[in-house]
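FYI, the numbering just counts along the sequence from 1. The shown structure was predicted, so the numbers you read here are calculated from the model rather than taken from an experiment.
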Amino acid sequence: MHTKEVGKNLFRVELETGGFKNLICSYVIKGKKPFLVESGPTNSIPNLLSGLRELDVKFEDVEYVAVTHVHLDHGGGAGTLLKSLPNAKVIVHPRGMPHLIDPERLWSSSQSVLGFISEIFGKPEPVPKERVIPVKEGTFDLGYEAKLTVTETVGHASHNLSFQESFNDGIFPGDAAGTYLPEFDVVVPTTPPPFYLDSALASLDKLISLKPSVLYFSHFGKATDAVQRLKDYKLQLQLWADITEEGVRKNWSLEQTRGRIIAEDKVMYEIADFMKSHHIYSKTVLENCVRGFIEFAKHKQGS
Ligand SMILES: [Zn+2]
């Protein structure tokens with residue numbers, strides 16, 4: 001079983017990329033036509049397709065695959081997925097579009113940022129240009145008087161989109177609202193370089209103003225108390241920013257900065273052992289996300 005019902009007309013597909021559970025998921029909105037959110041990475045497209053079969057989704061019926069952004073874990077598999085969905089088009093931010101059509105540069109930069117994790121996700125295949133729909137803001141009809149609204153929420157990436165669906169009043173934030181760890185019911189930052197704190201905070205204000213009731217994280221799953229979580233995430237980003245700014249001023253190493261974050265951020269303190277022993281999060285959250293803040297702070301301090 002790859003799938004789980006998480007709301008009215010809404011299903012989560014556990015992608016189990018690289019055999020890792022609770023790491024990456026896609027969503028299927030069953031409106032008048034099936035609407036997918038996130039292709040996930042190339043290597044777990046077979047799991048997504050078996051999830052679609054489990055949900056009785058006919059491949060030729062899928063009209064849209066909306067990707068929150070083009071990073072390998074969200075939109076990397078779009079090209080491979082479209083080979084099985086003959087009528088589907090990909091919705092993406094205009095700044096992400098070139099990377100879907102020609103993923104070579106994205107692949108080489110992902111290899112240098114993610115290291116071994118890029119191989120777990122897999123190399124993206126190109127999406128034919130005529131099958132890409134660039135969108136910054138707009139709405140899509142889901143049928144049954146429901147709609148999906150696209151909102152630009154940059155910061156994590158210069159091209160992150162969020163999608164709000166009106167069946168349940170939930171938002172798919174991509175990586176604009178952090179990584180949700182369902183095992184602990186907490187959120188941690190998703191802030192690899194290049195990370196833009198000011199834009200990320202402004203995007204969170206945008207999401208808060210939409211007053212969603214639930215969040216559907218791509219990492220990982222549905223979380224309630226959406227507005228409170230978004231507000232808490234803003235405070236968490238601000239705390240990490242304060243610590244790293246001090247660290248950059250005092251020339252701390254990445255390890256020293258990370259140590260201070262774990263000591264001062266209650267959430268990180270609680271889950272530090274889990275994160276340190278996690279094959280993926282030890283590299284992404286504990287290293288890349290801290291580095292994102294350090295580089296932002298250095299840039300801000302002009303060094
Ligand atoms: Zn991600």
Side-chain angles (χ1 to χ4, degrees), residues 2-3 10-18 23-111 118-136 138-143 148 150 157 159-163 165 172 174-175 216 218-219:
H2 286 291
T3 61
L10 182 65
F11 299 83
R12 188 195 80 194
V13 183
E14 159 66 276
L15 297 181
E16 227 180 307
T17 312
L23 185 68
I24 310 172
C25 57
S26 295
Y27 292 91
V28 180
I29 306 170
K30 275 198 169 180
K32 182 182 57 190
K33 295 240 175 145
F35 191 114
L36 269 59
V37 178
E38 310 285 50
S39 66
T42 306
N43 285 349
S44 44
I45 292 302
N47 290 349
L48 174 56
L49 293 174
S50 86
L52 295 181
R53 283 188 206 101
E54 203 173 287
L55 294 171
D56 287 327
V57 169
K58 290 198 183 73
F59 291 180
E60 61 272 23
D61 286 348
V62 179
E63 233 179 340
Y64 297 113
V65 179
V67 298
T68 59
H69 58 303
V70 302
H71 290 169
L72 301 188
D73 46 333
H74 298 260
T80 308
L81 176 64
L82 255 56
K83 289 181 172 175
S84 297
L85 308 180
N87 300 312
K89 293 193 166 160
V90 184
I91 296 165
V92 68
H93 191 285
R95 274 197 285 268
M97 181 172 173
H99 301 289
L100 288 186
I101 296 167
D102 178 9
E104 284 301 326
R105 237 182 64 213
L106 173 71
W107 175 240
S108 59
S109 68
S110 304
Q111 282 179 306
S118 57
E119 302 296 336
I120 294 175
F121 292 164
K123 187 177 180 184
E125 294 186 276
V127 178
K129 192 178 174 190
E130 63 279 9
R131 298 183 71 183
V132 182
I133 305 177
V135 184
K136 250 196 236 180
T139 55
F140 289 84
D141 183 15
L142 297 171
L148 181 122
V150 182
H159 62 279
N160 194 99
L161 297 174
S162 294
F163 308 114
E165 55 80 32
F172 305 91
D175 281 342
Y216 311 115
S218 309
H219 319 288

**Q.** F121 and its side chain to side chain contact (heavy atoms under 4.5 Å, CB included) partner, picked from N43, T42, I24
**A.** I24
Q. Which heavy atom in P41 sits nearest to a heavy atom in L15, and how many Å separate them?
A. CD-CD1, 4.1 Å
Q.
Please verify the inter-ring angle class for H71 with H159; under 30° counts as parallel, over 60° as perpendicular, anything in between as tilted.
A. perpendicular
(Q) Strictly distance-based, threshold 3.5 Å: is any side-chain N or O of E14 a donor or acceptor partner for the main-chain N or O of E16? (A) yes
(Q) Checking V92 against I133 for the side chain to side chain contact (heavy atoms under 4.5 Å, CB included) test, could you report, in this order, the C-alpha distance in whole Å, the side-chain angles of both residues, the deciding distance, and whether it holds? (A) CA-CA 6 Å; V92 68; I133 305 177; over 6 Å; no
(Q) side chain to side chain contact (heavy atoms under 4.5 Å, CB included) for E54 and V13? Distances and angles first, verdict last. (A) CA-CA 10 Å; E54 203 173 287; V13 183; over 6 Å; no
**Q.** Verdict with reasoning, L142 to K32, per side chain to side chain contact (heavy atoms under 4.5 Å, CB included)
**A.** CA-CA 6 Å; L142 297 171; K32 182 182 57 190; over 6 Å; no
Q. Do T17 and D73 come within less than 4.5 Å of each other through their side chains, counting heavy atoms only?
A. no
(Q) Show the nearest heavy-atom pair for residues S110 and L106, with the distance to one decimal. (A) OG-O, 2.6 Å
Q) Has the side chain of S26 got a donor or acceptor atom that lies under 3.5 Å from a matching backbone atom of E38? A) yes
Q) So, does R131 use its side chain to make a donor-acceptor pair with the main chain of A88 at under 3.5 Å? A) yes
Q: Specify whether F172 and Y216 have parallel, tilted or perpendicular ring planes, treating 30° as the upper limit for parallel and 60° as the lower limit for perpendicular.
A: tilted
(Q) Please report the interatomic distance CG(L81) to OG(S39), rounded to the nearest 0.5 Å. (A) 6.0 Å
Q. Taking atom OG1 of T3 and atom CG of L52, what is their separation to the nearest 0.5 Å?
A. 9.5 Å
Q. Can you tell me how far NZ of K129 sits from CG of D102, rounded to the nearest 0.5 angstrom?
A. 12.0 Å
Q: Would you check if there is a donor-acceptor pair between the side chains of H93 and N160 at a distance under 3.5 Å?
A: no
Q: Kindly indicate, with the supporting measurements, whether the criterion salt bridge (Lys or Arg N to Asp or Glu O under 4.0 Å) is fulfilled by K83 and E125.
A: CA-CA 10 Å; K83 289 181 172 175; E125 294 186 276; 2.7 Å; yes
Q: State, with a plain yes or no, whether a side-chain heavy atom of E104 is found less than 4.5 Å away from one of K123.
A: yes
Q) Between S118 and L72, is any pair of side-chain heavy atoms under 4.5 Å apart? A) yes
Q. Of all heavy-atom pairs between V70 and G96, which one has the smallest distance, and what is that distance?
A. CG1-O, 3.4 Å
Q.
Between E60 and K33, is the salt bridge (Lys or Arg N to Asp or Glu O under 4.0 Å) condition met? List the steps.
A. CA-CA 10 Å; E60 61 272 23; K33 295 240 175 145; over 6 Å; no
Q) Just how far is it from atom CG of D61 to atom CG of L85, taken to the nearest 0.5 Å? A) 10.5 Å
Q.
Let me confirm one number: the CG-CG distance from D141 to L148, rounded to the nearest 0.5 Å.
A. 10.5 Å
Q: Would you mind reporting whether D175 and H74 have side-chain heavy atoms less than 4.5 Å apart?
A: yes
Q: Taking all non-hydrogen atoms of both residues into account, name the closest pair between V67 and F163 and its distance.
A: O-CZ, 3.6 Å
Q: Determine, step by step, whether F59 and N87 satisfy the side chain to side chain contact (heavy atoms under 4.5 Å, CB included) criterion, reporting the C-alpha distance in whole Å, the side-chain angles of both residues, the deciding distance to 0.1 Å, and the verdict.
A: CA-CA 8 Å; F59 291 180; N87 300 312; over 6 Å; no
Q: Quick one: closest heavy-atom pair of L100 and A78, and the distance?
A: CD2-CB, 4.4 Å
Q: Give the ring-plane orientation class for Y64 versus F35, where under 30° counts as parallel, over 60° as perpendicular and anything between as tilted.
A: tilted
Q: Output the distance between atom NE2 (H219) and atom SG (C25), rounded to the nearest 0.5 Å.
A: 8.5 Å
Q. Is there side-chain contact between Y27 and L36, with heavy atoms separated by less than 4.5 Å?
A. no
Q. So, do I101 and P126 sit near enough that their side-chain heavy atoms are less than 4.5 Å apart?
A. no
